[in-house]
S.K.: 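Shown below is the structure under consideration.
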Amino acid sequence: MTTAPHTRSAVPPVAVPAPASRPAAPLLDVRGLTISYGTGRGTLRAVSDVGFSILPGEVMGLVGESGSGKSTVAMAVLDLLGEGGRVESGEILFRGTDLRRLAPAERRALRGDSIAAVFQDPFTSLNPALTVGRQIAEPLIRHKRLTPRQAAVRVEELLGEVGIRDPRRVAAAYPHELSGGMQQRALIATALGCEPGLLILDEPTTALDVTVEARIIDLLAKLCDSHHLSALFVSHNLGIVNRICQSVTVLYGGVVVETGPTGRVLSRPAHPYTKGLIAALPRITAERRARLPSIPGTVAKLSGPPAACVFAPRCPFAEETCRSHPQEMRAEGDGTGVRCWKADALATTSWPDEGGTAPRRGALPARSAPLVEVEHLRKIYGASTSILPWLRRAGTVAVDDVSFTIDRGEVLGVVGESGSGKSTIGRALLALTEPSAGTVLFDGADFPQQVRRGDQTLRRRAQLVFQNSAASLNPRKTVGQAMERPLVLAGRGDAEERRRTVAGLLTRVGLPAAYADRYPHELSGGERQRVNIARALATDPEFVVCDEAVSALDVSVQANILNLLAGLRDEMGLSYLFITHDIAVVAHIADRVLVVYGGTICEEGPVGRVLRPPYHPYTEALLSAVPRLAEDGSEPPRILLEDSALPPGGRGGCAFAGRCPRKLGAVCDEQAPPVRETDQGHRIACHIPLATLAERAPVFPKLAGGDAAAR
Amino acid sequence: AGTLKLSVDSNLNTLDPAKMKGGQEYVAAYLIFNGLTVIGHDMKVKPDLAERWEHSDDLKSWTFHLRKGVKFHNGRDLDAEDVVASIARIQDKATGSTARVNFEIVESMKALDPLTVQFQLKTPYAGFAELFGERQARIVPRDAVDSLASKPVGTGPFEFVSFAPGDRVVLKRNPNYFEPGLPKLDEVVMRILPEAAAQVAALTTGELDLVWNLPLEAIDKVKADTKLKVDSVPTSTWDGVIMNNTVKPFDDARVRKAVAMALDKQAITQIALFGNGTPTHSPIPPSHPYYNKDLKIAKGDPAGAKKLLAEAGYPSGFEVTLYTPAGRATRERLGLAVRELLKPAGITVNVQRVPFDVFLKDIEGKAGFYIDGFFSRPTIDTSFYPWYHSKGSWNTALWSYSNPKMDQLLDGARQAKSEDEARTLYGQAQALAVEDSPGVIPYVINHINGLSARVHGFHSHPMMFLDLRDVSVD
Amino acid sequence: MTAASPAPRRLSSRRSALPVSLVVGLVLLAPLLVAAFAGSWIAPYPYDEMNIMSRLQPPGPEFWFGTDEFGRDVFSRTLVGTGSSLLMGVAATALSLMAGVPLGLIAGYKGGRAGEAIMRAMDVLMSFPPILLGILVLAVTPPAQWKAIVAIGIVYVPQVVRLARAITLELMQEEFITAARLRGESAAYILFHEILPNIWPPLAVEASLRVVFAILLGASLSFIGMGAQPPSSDWGLMIAEARPFVEQAPWIALCPGFALAIAVIGINLLGDGLRALLDPRNTGSH
Amino acid sequence: MLAYTLTRLLYLALVLVVMSVLIFLVTQAMPGDVASMIAGQFASPEVVQAISVKLGLDQPLIVQYGRWAAGILHGDLGRSLVLEQPIAPILMEALARSLVLAVVALTVVAVAGIGLGVLAAVRRGKLTDQMVSGISYLGIAVPDFFWAIVLVLVFGSYMKLLPTGGYTPVAEGVLPWAAHLVLPVVTLVLMLLARIARLTRSSMIDVLQTNYVKFARAKGMPESVVILRHALKNALLPTITVLAIDFGLILGGVVVIETIFSYPGMGRLLLFAIQRHDLPLIQATILVVSAAYCLANLVADLLYAFVNPKIRHGMRTA
Ligand SMILES: Nc1ncnc2c1ncn2[C@@H]1O[C@H](COP(=O)(O)OP(=O)(O)OP(=O)(O)O)[C@@H](O)[C@H]1O
Ligand SMILES: Nc1ncnc2c1ncn2[C@@H]1O[C@H](COP(=O)(O)OP(=O)(O)OP(=O)(O)O)[C@@H](O)[C@H]1O
Ligand SMILES: [Mg+2]
Ligand SMILES: [Mg+2]
Ligand code: NI
């Protein structure tokens, strides 16, 4: 990093020279860009009059909620808008030339050479039918005119540069043989191959696990430094933007609402939307509270040029002027711009916080018998004992000897990386999968066994809220029909009564009763998730498994749903098993946490205890990888895990041993780690003595609430 | 000299003459094998392997003298034992030869010496020599009977070369053929081309020299082509509307008569044969000297038929299923014509096509009403007696017709001392056949071959054989 | 960290304009449908009336599409044949759907041994030459159109099973199925109330193609003498019977040939249109 | 991959065993019988009986099946009752001829169909696309026998350019051999091309919308490389399956086309056998056809795996 204002607070102390004076010519200068899509139902103006510039060596973040036009802008720069997409007006100046004036062949020559890209999803961005090496070599051969042999050499260098230890093997591999992190690194290597001036990164880490994501982000930051790269970094994750970008542009409804240096925008947001966005983010370090602030309303509809402030319908500070006049971008010094005439007036006003800091509901009722008891749960998928020797398979151990309990009214969070068995645990609890071993007791009764016997009565008392709100509603059934069905099964009343119940449930989750007649596709994602929750509540359950129930939602919607769930828990005394990979969400809503890795529980305890040392090495890595905003405090050095393509752990030893940065030796591989208890039900399964584990510095020094939060 | 390429319309099942059943197979049989006698183009019996023959006065003992020096294609000399073995094989039920019934009349047979064979008959039979002109009665080498089906060995003008089922049979000139200077051709290729259009197209492009049994629909086209010609000959091959005389409602002669009355044979001949045939009353064709010219071919008379039906107790007609064997175009057309022509008489006919094997098993001789057809037979007796005599082999299996008067006439004809007597008797029999109408025989069919102008010396044979001995190709 | 993605749109609103192909398809099919139901009333002549005097007449004012070798009016025959030809396609398809969809549903839902068994059985059925299946069904008893329909229906069962199973397997991944199981729904309810309604749109498209294939296979069966029986005027049979006269009297084959082509194109377009109507996102078509 | 192939082969064997039983039972159930077929018109019951005994048709079904199955395991397909010849050579000859037809026709179909499909997908919505669609419709709309008749008329009867029927072995010269193949091949191509082209078009359109194609474009690859290297290989998968099914179809006999062009392939052999009620020939033919069909499918799946390394991988672990 040689230029650019270093508001980025988080980068570990790489040598950072003092900011030089701003060089005059931006590398990429986008002016008045307006883009529309022709769709079956008319023209959709996805982006209106967007402008920003990126200086050489600068990484600019482009943030905004889903559908705000981030990808559209990125693709317009690449000239890859695809069918129906059309740049209506504006200029895209790259090194001073307007790309729009170039012939298609000239733009193609720039692509992959001077302007390279990495997309969101490495799994789909690599051609499954070609080896990784070949795909990386393509632009080298094309733009740099290398011979295939030279290219092959260069490919290995590049792979080494992005931190792949065995470049030769990886180059010869097909994409599916690599883990997500390795695939994403291969994409980055491809992008770097021709030493581009500008890198377009469209949500390059969204599809990855937190720990892998942290690695990739670090790598990108380092590469931007070492290669003196400029980048357009598209993301909706403010934490990551905070980590890697020097400046940020915030899009809302296809319009730039705010732009400025990262540190300033994230710590002192000027536009109401930015304020809301930041406020709605659950924080690990924040005070534990009942409700998160949220932005009411739904995403702006994009059809014509904005006639008023795009955010006005959802803005708590809106006045008549906002609803009648389009807003001008008001530029200030240090590259800051805000599209709100009240920005100055609101400078010190923060987003209204309905829930306030009211403490959450009081202590849990005295421990009675737990509602859910899981003992030695084990689930093996796909084992086969065929008579044909070549068909015999050991199967995947998804969950390996897991035991825990959930009290009435308790929220148990489950965190862990993808494939660690979180969903399997949830499904086993609901008797959706038959456990291979172990027992699941629900209110003292053996749930799976009852279901096996055809007794469905317990079903009513345990429900599930899904991750994918779209997939969990039958597209052919109205909301009302979907919600009515559990009532019918429960033998609940006549049609009229059922209708009333449905209406009541809808109101309870904050939807108009008239929504009962809508089809799922007529609802927004947040509304669908509310319907899901309402459906789960239809039978008055006592226990709800939320499997990534908020992961697919935008920050503002997520806040809404979290508030709803918390409210229901408080009102109805529900217990949740709350599965997520977002530790901040768990920290916000859960009472206790299970950290799972490779199907085993490596750490368990009250939230406040788990977030503090002593940590299980995996928990520590996980926590350190969480991207966070500046105000959460300076980031400690991240513990980077090698991402492994292999399923975790050798059986018999510690599941995490293969990737553990603090591995002791053979003992980790061979012996199951002992479970050690610190206090208040805080347990860690690790060979390393507790005292040693406790010596580590806390990952969140500013963790609010002190020990009190841990109760 | 040269190669003659001809086509037949259907696959050959077998090349074993005793087991042959289809015209296309007989084509091969006459090229590869000989009988003791042969039916000439004039329908008269001629010597073939037998130089001459004589019979005892009571017509019960027949002696045949074989030609000297005849060799099978495998080089062995023909002798009388081969004749005995060939006929014995036909007599064996397990062989399944359709000619077996012909030889039921044989009491015993014996090779008197290598060139003389003698048959003792159970009953006197004047037409015995003609029986050896019958298609299946070919003389085969007694030591090679097992491979006849796929590798036939005979004494005929052409030697077997190869047989690709479904595709072709290739024959070459027999250098040792007993008629000096014959055959003229070096090679004969029999292609199996089931599609009429393909046959005709191949003939026009010169890929074929001869289409055996030219499809009737194509005659006009071939005639129009100057490079092609059509050769046709009347035969006594006939199709018939078979009514089972023991099955209701056809057990009533009035009903049968009504059906016969309603059918306009002229129209039927037009529809089914496009006019390439002649209306007749019985298997005796109008071209034959024994044909009863006093019997008129009546126009269809639906009104009369209706009346007769009413008499028989069917004032409003009846409904009946008419079965036709699938894949025989003329017979299918005949069936449809019958359906149409019986409609005005009040008879509702449902035509049903059945696959040929099903037809053989379940329809022929069992069903009440169906279309069937028979190849011309070598003699008047063999074409008439089996169908009309109450003990006739086809009769019992076809329509079960029985009239003592008819039996008397036919038995008499068999022993008739003079041509005139025979003619009179057969004339009366024909009249009786019309009167009783055991079934309706609407026409006899012309046998037509299409050939290229390059082919010389070809004459269509009334028995539908293919005689290529004298044929040459430019 | 949240992975936000725009909610996929499943269905367009039904108010959107009808796809062109649907309209064209319907326009093409309309006269055929009329003919199918009213053919024998509209037809100028009885379909089986022979007239030796006017055989093989070329098209003219008296006989619009000429006459065949029996002097029957080709146009009338084609009209009357519409019903049986279309019925062949529709009924055979309906049959294959009725047998195939439940089997496919079960194979997809149950998986495991039952599913495996069903699929292997389908493999066996599929490797049976369709002609033989046809012949068998037709030959066991006297041929009749309904038997040809059954034969063709059976021939297409495996394909339908495969499709239904594939969609079911896909749907089984969807969480609304889990939701139903979670409610304690019976397998039958899940199959017929949750999965079936979602199978319907792609199946409708498939069905339109099947109808086409069934009509053509029916025609082929008739063509080799295994389907419709004379003097019926099934199009395939008509074309088969016209074969020997195709040079002297091409109109005998052309009239039913055109009718067949119009039906096939019409149904195909209808299928494409349906697909477009039901799912605007789907762009490809087979 | 090996394990997968083994499993598939095992399945294939299983399917064939089931098929053999089924074929046997089903053919037994067919009406008509070979004995009366051989005996001919009006054979007396004793004759039919005698023939039945000679052919062993009077034995219990299990015995007959056992004998038949044992024969097949020894590579003996039995003897045709009607032709009185061993079946194997007849069958192999017909199979070889069908194979020739299948290979030639499918090569043309594959090349032309994939080409057209890709073209239509790339020019989606444009005139080229519509023309390809139009041609497809024509191919689908007009039944194969109609095409066949038209071709016979035009090329055989009017233009007299090509032989309209039959088959000439290669031994008699390459030119006549090829000439005899032209019309049946063209008919088959007309019949099959449309489906392949449309299928390729639709999967190509799907693939062209994937991320990896977009990424290839983002790398600055020219369209030709994007389409041929990146898209086509992945788009071909469904096409391969359909080609395999078509291959099985032609091997199993395209009765109508074979009849019209008098092509002595499997279809006509089967029809012949069925018409003559020659059970051993029917059974052997269907068994071989089924085996060919299953094998074609297996090859398609293996080819699938070859084209798509992901599936290959799945096979290794499966
Ligand atoms: N090909 C297209 N055709 C029609 N509309 C489109 C197309 N691509 C995107 N849109 C619409 O344009 C708007 C902006 O989409 P874009 O993909 O740029 O959003 P985004 O900010 O990248 O969202 P996300 O965070 O979900 O990736 C959305 O309303 C989207 O529905
Ligand atoms: N139905 C199944 N058949 C076979 N393997 C399965 C099945 N479901 C899950 N698995 C495997 O079990 C392991 C645990 O899966 P699970 O879905 O419980 O993980 P998770 O923690 O929920 O992951 P994610 O965060 O991606 O949802 C994984 O390796 C997965 O591949
Ligand atoms: Mg995007
Ligand atoms: Mg999960
Ligand atoms: Ni720098």
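Because the structure is a prediction, the values reported are computed rather than measured. Proteins come first, then strands; the chains are lettered A, B, ... in the order of their sequence lines, and each starts at number 1.
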S.K.: Between Ser7(B), Pro194(B), Ala196(B), Ala201(B), which residue shows the highest count of heavy-atom pairs closer than 4.5 Å to chain D?
M.R.: Pro194(B)
S.K.: Just say parallel, tilted or perpendicular for the rings of Phe374(B) and Trp394(B), cut-offs at 30° and 60°.
M.R.: tilted
S.K.: Mind ranking Ser262(D), Ala94(D), Ser80(D) by heavy-atom pairs under 4.5 Å with chain B and telling me who comes out on top?
M.R.: Ser262(D)
S.K.: Before accepting this row, confirm whether a basic side-chain N of the pair Glu207(B)/Arg191(B) lies closer than 4.0 Å to the acidic partner's carboxylate O.
M.R.: yes
S.K.: With a 4.5 angstrom heavy-atom cut-off, could you sort out which part of Leu12(B) is near chain D: side chain, backbone, both or neither?
M.R.: backbone
S.K.: So, the side chain of Asn395(B) versus the backbone of Tyr401(B): is there a donor-acceptor pair under 3.5 Å, distance only?
M.R.: yes
S.K.: Under a 4.5 Å heavy-atom cut-off, does chain D meet the side chain of Ser10(B), its backbone, both or neither?
M.R.: side chain
S.K.: To the nearest 0.5 Å, what is the distance between CG (Leu106(D)) and CG (Leu188(D))?
M.R.: 8.0 Å
S.K.: Which distance, rounded to the nearest 0.5 Å, do you find between the CG of Leu99(D) and the CE of Met92(D)?
M.R.: 11.0 Å
S.K.: Show me the pairs that pass salt bridge (charged side-chain N to carboxylate O under 4.0 Å, His left out) and involve residues 64-89 of chain D, at least two apart or across chains.
M.R.: Lys19(B)-Glu84(D)
S.K.: What residue pairs, at least two apart or across chains, pass ring pair (Phe, Tyr, Trp, His ring centres under 6.0 Å) with a residue in residues 70-106 of chain D?
M.R.: none
S.K.: Take Lys172(B) and Asp186(B), measure what salt bridge (charged side-chain N to carboxylate O under 4.0 Å, His left out) needs, and give me the verdict at the end.
M.R.: CA-CA 6 Å; Lys172(B) 67 167 193 238; Asp186(B) 292 326; over 6 Å; no
S.K.: Can you say whether Lys221(B) sits under 4.5 Å from chain D via the side chain, the backbone, both, or neither, judging by heavy atoms?
M.R.: side chain
S.K.: Can you say whether Leu83(D) sits under 4.5 Å from chain B via the side chain, the backbone, both, or neither, judging by heavy atoms?
M.R.: both
S.K.: Can you run down the salt bridge (charged side-chain N to carboxylate O under 4.0 Å, His left out) pairs that involve residues 93-106 of chain D, sequence neighbours left out, and say none if there aren't any?
M.R.: Asp167(B)-Arg97(D), Glu93(D)-Arg97(D)
S.K.: Please flag which part of Asp9(B) lies under 4.5 Å from any non-hydrogen atom of chain D: side chain, backbone, both or neither.
M.R.: neither
S.K.: Where along residues 237-245 of chain B does a heavy atom come under 4.5 Å of chain D, listed by residue number?
M.R.: none
